[in-house]
There are 2 protein chains.
Amino acid sequence: MNVWDRPEPPTRPAPLDRERIVAAAIALADQGGLEAVSLRKVAARLDAGPMRLYGYISTKEELFDLMVDEVYAEILPEEQPGDWREVLCTLAHRTRQATLRHEWLADLLGGRPTLGPNALAVTEVTLAALDGLADLDTVMRAVETVSAYFTGAIRREIANLRAERATGLSKRDWQRASGPHVTRMLATGRFPALAKAVHDGTEVDAEVSFATGLDWVLDAVAAKLARPPT
Amino acid sequence: MNVWDRPEPPTRPAPLDRERIVAAAIALADQGGLEAVSLRKVAARLDAGPMRLYGYISTKEELFDLMVDEVYAEILPEEQPGDWREVLCTLAHRTRQATLRHEWLADLLGGRPTLGPNALAVTEVTLAALDGLADLDTVMRAVETVSAYFTGAIRREIANLRAERATGLSKRDWQRASGPHVTRMLATGRFPALAKAVHDGTEVDAEVSFATGLDWVLDAVAAKLARPPT
DNA sequence: TTTTATTGCAATACAGTGTATCTACATGAG
DNA sequence: CTCATGTAGATACACTGTATTGCAATAAAA
């Protein structure tokens, strides 16, 4: 047996770590959605057997949590400005942008408490920006209200975007013309206000709609912060 | 072969319809969560083979849509009061109550456009209540902002509730004492504002927190409806 | 009434999933 | 060189959603 026939020394498998696993999972999710993430595919992408992963994560849910926290690293603004309103506003917009980059995040947003280090860091700068502006209960209420808004708004935006993509039609065109079921329902005359809205509504840019609602909510928060609770 | 040995005339299977299928699926989800809903189990509950369902449903996603719309029937208030604010407020609270009855709804809320007949009916009474108070764009923004808020808030509430249930600890106790990871992070001193919040925060009832945030958002909407857009 | 066609249910089948268990081998110590 | 140990990998299991096939009972036709 000469040198060439001798089998390669069995290549010790490349060492794995959570970072690489999470990165592979995110890559899969970015291009195929969350349901394209299977432990087998993630492992394959790292030239490993599926069971290898269980040395670094204990369940698939945990992998999802890690993916979310990784995106929070993108969300955390590098240098935060002073004004509390600006902090909340950029937090909302950065979360939205991150979700547009990683649409699968919409499926996870708000689904579980976010306790990873990056998520905690985001919470920290947010709370820090509001610290002292009112009693702690009010501050918490403010943060939670704003984040409830943008979480819900982002999810809806992605949901609509997917629906449009699936039908190949813009929302209004589809509601008005093609949507077979909806059109029939509207034609029944049982939904006059809705019909009018669909008919007269103008298509608004998703970002300005998001920003507008956000401004309203921030206005409300500002009012409450100004005069601490009754 | 006597009469008793003679096999029963092959019992024609009980006729199926979407209603019964959806009801069975909801029953399963109510007691085991969304991931307890499998087509096989739903079918078994109706003494049918899995494939029977495909005569009434074309995919599992569609079943989920039907389940959601069924819950919207519970959400639709029987007789709506006049005031727009009251309509939006009760819509929010009824959605929350329905989600507390059917926790799985939290996983689906906002995940896809809601176009079932009951959901459309809910949208109809909502739009009707706001009709004429401002131009259509503003009205839409109002509805979407409020529903983004309560959607996000409900999801977070359920997420926390599940976490508490899983650890058997209240949120604050758990953050403060047990949560192994979080405690360590807080101890690093890198999150002073967060640490203070966890330390000084008082446990607030989920419903009042929901209602408070909702009131803030409704205040904001009221202000915008009063003076149509710039 | 007998034969054919049609319908709709059920069984089987397939490709995939998350995860538990078991086996074998490469590496460390003695 | 031998042995213990830990870890990578193979195998296995119980499921999943859904496509396809076959069958049996009814409706239609002769």
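The analysis underlying the following values was restricted to heavy atoms, covering all of them including side chains, and did not include hydrogens, waters or symmetry mates. To find a chain, count down the sequence lines: A is the first, B the second, and so on, and within it residues start at 1.
- As a whole-Å value, the separation of B:L28 CG from D:dT16 C1' is 15 Å.
- When each of B:I158, B:I154, B:T114 is tested with B:L109 by the rule side-chain contact (heavy atoms from CB on, under 4.5 Å), just one qualifies, namely B:I154.
- At whole-Å resolution of the value, OH in B:Y56 and P in D:dT18 are 18 Å apart.
- Using a 4.0 Å heavy-atom distance criterion, B:V37 is classed as a sugar-phosphate-only contact.
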Under 3.5 Å, which donor-acceptor pairs link side chains of residues 187-195 of chain A to any protein atom two or more places apart or in another chain?
from	atom 1	to	atom 2	distance (Å)
A:T188	OG1	A:M185	O	2.5
A:T188	OG1	A:R190	N	3.2

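- Counting only heavy atoms from C-beta on, B:P50 has its side chain closest to D:dT18 among C:dA10, D:dG17, D:dT18.
- Rounded to the nearest 0.5 Å, atoms CG (A:D205) and CD (A:E203) are 9.5 Å apart.
- Per the geometry, CG belonging to B:L34 stands 12 Å off P belonging to D:dG17, to the nearest Å.
- With sequence neighbours excluded, no residue forms a salt bridge (charged side-chain N to carboxylate O under 4.0 Å, His left out) with B:E19.
- For the atom pair B:Y56 OH and B:L63 CG, the distance stands at 14.0 Å (nearest 0.5 Å).
- A:K41 has its NZ atom 10 Å from the C1' atom of C:dT17, to the nearest Å.
- Between the side chain of B:R40 and the base of D:dG17 there is at least one donor-acceptor pair of N/O atoms closer than 3.5 Å.
- In the region residues 57-68 of chain B, proximity to DNA chain C at under 4.0 angstrom, judged on heavy atoms, holds for none of the residues.
- The distance between atom CG of A:D47 and atom C1' of D:dG9, rounded to the nearest whole Å, is 14 Å.
- In this structure, CG of B:L39 is placed 15 Å from P of C:dA10, rounded to the nearest angstrom.
- Between the CE atom of B:M51 and the P atom of C:dA10 there is a distance of 12 Å, rounded to whole Å.
- Helical stems involving DNA chain C, defined as 3 or more consecutive Watson-Crick or G-U pairs under 3.5 Å, span C:1-30 with D:1-30.
- The salt bridge (charged side-chain N to carboxylate O under 4.0 Å, His left out) search around A:E157 returns A:R96, not counting sequence neighbours.
- The distance between the ring centers of A:H93 and A:F210 falls below 6.0 angstrom.
- Between A:R52 and D:dG9 there is a side-chain polar atom (N or O) within less than 4.0 angstrom of OP1 or OP2.
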Side chains of residues 25-40 of chain B: which donor-acceptor pairs under 3.5 Å do they make with residues two or more places apart or in other chains?
from	atom 1	to	atom 2	distance (Å)
B:D30	OD1	B:H102	ND1	2.7
B:D30	OD1	B:W104	NE1	2.7
B:D30	OD2	B:H102	ND1	3.2
B:S38	OG	B:R40	N	3.4
B:S38	OG	B:K41	N	3.1

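- B:I21 places its CD1 atom 14 Å from the P atom of D:dG17, with the value rounded to the nearest Å.
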### Message
Apply side chain to side chain contact (heavy atoms under 4.5 Å, CB included) to residues A:L53 and A:L16 and explain how you reach the verdict.
### Response
CA-CA 8 Å; A:L53 303 185; A:L16 237 44; 4.2 Å; yes
